Amino acid sequence: MTEPIVEIKNIHKSFGPLEVLKGVDFTVNKGEVVCLIGRSGSGKSTLLRCINLLEKPDSGVINVFGQDILHTRNVNAYRAQVGMCFQQFNLFNNMNVLENCVKPQLKVLHISKNEATEKALKFLDKVGMKKFAGADVRTLSGGQKQRVAIARALCMSPKLMLFDEPTSALDPEMVGEVLSVMKELANEGLTMIIVTHEMNFARDVSDRIVFMDQGKIEEQGSPDQLFNTPKSERTRSFLNASIANAR
Amino acid sequence: MFISNCIEILNKYGSSLMLGVQTTLIVALTGTIFGLVLGLIVGGFRAVKLDFTASPAARFCKGFFDVLANVYITIFRGTPMMVQAVFIYYALLDIIHWDKLPAAIFVISINTGAYMAEIIRSGIQAVDPGQSEAARSLGMSNAQTMFSIVIPQAVKNAFPAISNEFVVNIKDSSVLMIISITELMFQAKSIAGSTFHFTETYFIEAAIYLILTSVASLILNLIEKRMNSTVRLSIPSSVTDTVTVDYMSKKEKSDD
């Protein structure tokens with residue numbers, strides 16, 4: 001059961017003079033749902049983006065699916081196995097909802113249009129967006145856009161899903177619809193790494209929570225352990241502040 | 001006197017003026033189309049940003065291409081098209097013995113291409129980079145991302161500037177009379193030379209240019225409007241989302 005999917009060893013990453021990741025070790029097992037929490041600028045998103053090679057770490061090792069991805073020859077084939085959802089949804093504005101889900105399949109997986117469409121409709125149905133299949137993406141609300149983005153990523157049959165603050169750009173009343181879709185995926189056993197500020201969601205859905213602070217992993221553990229008996233003073237003060245804000 | 005002279009010129013030289021209009025339109029239209037294709041290639045490649053996954057060979061090619069593209073754009077935007085026309089026409093005449101019309105189309109195409117490259121590049125830069133990032137995260141290559149996501153949106157963004165190039169070309173093709181193609185300016189000059197009614201002839205010429213550019217602008221504006229409303233409206237009626245409903249009611253009105 002504890003088959004590691006992502007193994008990160010001692011990665012460092014700087015943007016100019018600013019060192020964002022200062023030696024992070026991080027492992028995610030198959031079927032695990034891990035939430036990354038922490039203050040803005042603590043390196044959570046950078047860590048996530050390194051896993052998808054949207055950023056390249058300056059040093060360290062990243063093994064995903066048992067493959068050294070920093071030295072892989074075919075980056076595109078690797079990325080196709082890793083789904084990613086962004087804070088700003090990043091849907092393709094020149095396509096409608098269905099095409100957003102079909103086009104990448106045609107380009108990357110080289111399957112027939114019928115097969116791709118069938119798959120797209122299946123996942124759009126799953127996120128409750130099937131009836132919007134023909135809609136222009138610019139006419140959708142934020143929550144709808146994020147659900148389409150999730151369906152688009154699922155169409156590639158990813159073995160790992162990365163979520164980079166998927167609800168941070170949403171109006172409060174739309175957060176729930178996106179989180180419930182993500183919760184469903186978590187229950188189905190999809191391996192997920194989620195950067196989030198939604199503490200209740202993190203507590204509810206994760207197998208493990210990782211608290212990052214100043215470019216390092218300060219503390220990690222099960223939701224109960226981290227929320228109820230945090231070992232580190234920094235974790236405690238962050239959680240207290242977040243929970244106070246939520247009220 | 002003035003008006004009767006104009007009518008006389010139109011009667012006597014109408015057919016040669018029409019030939020001028022025809023040549024002008026052929027040169028301007030083909031020049032704009034070839035220029036656009038050239039601009040898409042040059043501007044598209046210039047806008048490609050290689051990430052760390054690119055091979056050293058790709059990096060070298062890209063660097064080499066960027067230098068070439070810069071030289072091309074600097075030269076063709078920095079010298080008058082009239083000079084380009086005489087220089088290129090005579091420089092290549094001994095080598096390829098070309099006719100004047102293909103030479104004129106060649107010159108106006110590469111001249112327009114230099115401007116188009118910059119128009120396309122700024123259109124590409126206006127497309128939100130998050131979309132490229134999403135495409136890459138789905139496993140699409142640099143080229144796939146460029147051609148199926150970025151360029152379609154860039155061309156749409158840049159359409160007003162692209163169509164403006166066509167209008168500019170209708171007027172600026174007049175300088176190509178320097179290599180004696182039978183475009184409107186050249187024809188008018190010949191007519192004026194044989195009738196000695198300079199004012200009347202050039203007045204007619206100006207009026208024809210104005211009509212051509214006005215009609216072209218009108219057509220291009222219509223195309224632009226149509227492009228902006230070709231949002232596929234196969235949204236089922238079960239849609240309750242307010243944004244979409246507002247949008248649809250607006251669309252119905254504009255269709256009336």
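Values below: every heavy atom of this structure, side chains too, minus hydrogens, waters and symmetry copies. Every chain is numbered from 1, with letters handed out A, B, ... down the list of sequences. None of the values given here were measured: they were computed from a predicted structure.
- In this structure, B/L138 and A/R79 have side chains that are not in contact, with every pair of non-hydrogen atoms separated by 4.5 Å or more.
- Of the listed residues A/M84, A/R73, A/K56, A/R49, the one with more heavy-atom pairs under 4.5 angstrom with chain B than any other is A/K56.
- For B/Y209, there are no ring-ring contact (aromatic ring centres under 6.0 Å, His included) partners at least two apart in sequence or on another chain.
- Atom NZ of B/K156 sits about 8.0 Å away from atom CG of A/N94, to the nearest 0.5 Å.
- Residue B/F87 qualifies as open at atom CZ: its count of foreign heavy atoms under 6.0 Å is 12 or below.
- Sparse packing is recorded around CZ of B/F45, with 12 or fewer heavy atoms of other residues, nucleotides or ligands lying under 6.0 Å away.
- Annotation: the span from B/Q131 atom CD to A/M95 atom CE amounts to 9.0 Å, rounded to 0.5 Å.
- For a residue to count as touching a neighbouring chain, one of its non-hydrogen atoms must lie under 4.5 Å from one of that chain's; by this rule A/L91 touches chain B with the backbone only.
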For a quick test of your reading: what N or O donor-acceptor pairs under 3.5 Å do the side chains of residues 145-156 of chain A make, sequence neighbours left out?
residue	atom	partner	partner atom	Å
A/Q146	NE2	A/F86	O	2.7
A/Q146	NE2	A/P166	O	2.9
A/R147	NE	A/E177	OE2	3.0
A/R147	NH1	A/V127	O	3.0
A/R147	NH2	A/E177	OE2	2.9
A/R152	NH1	A/N90	O	3.2
A/R152	NH1	A/N100	OD1	3.3
A/R152	NH2	A/N90	O	3.0

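- At a heavy-atom cut-off of under 4.5 Å, chain B is reached by A/K103, A/P104, A/K107, A/V108 from residues 102-114 of chain A, listed in order of number.
- Of the two parts of A/Q87, neither the backbone nor the side chain holds a non-hydrogen atom closer than 4.5 Å to a non-hydrogen atom of chain B.
- Across all non-hydrogen atoms, the minimal contact from A/N76 to B/G139 is CB-O, 3.2 Å.
- Considering only heavy atoms from C-beta on, B/R136 stays 4.5 Å or farther from A/V75 through its side chain.
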Side-chain donor-acceptor pairs under 3.5 Å in residues 116-129 of chain B, sequence neighbours left out?
residue	atom	partner	partner atom	Å
B/E118	OE1	B/R121	NH2	3.4
B/E118	OE2	B/R46	NH1	2.6
B/S122	OG	B/E118	O	3.4
B/S122	OG	B/I119	O	3.0
B/D128	OD1	B/G130	N	2.7

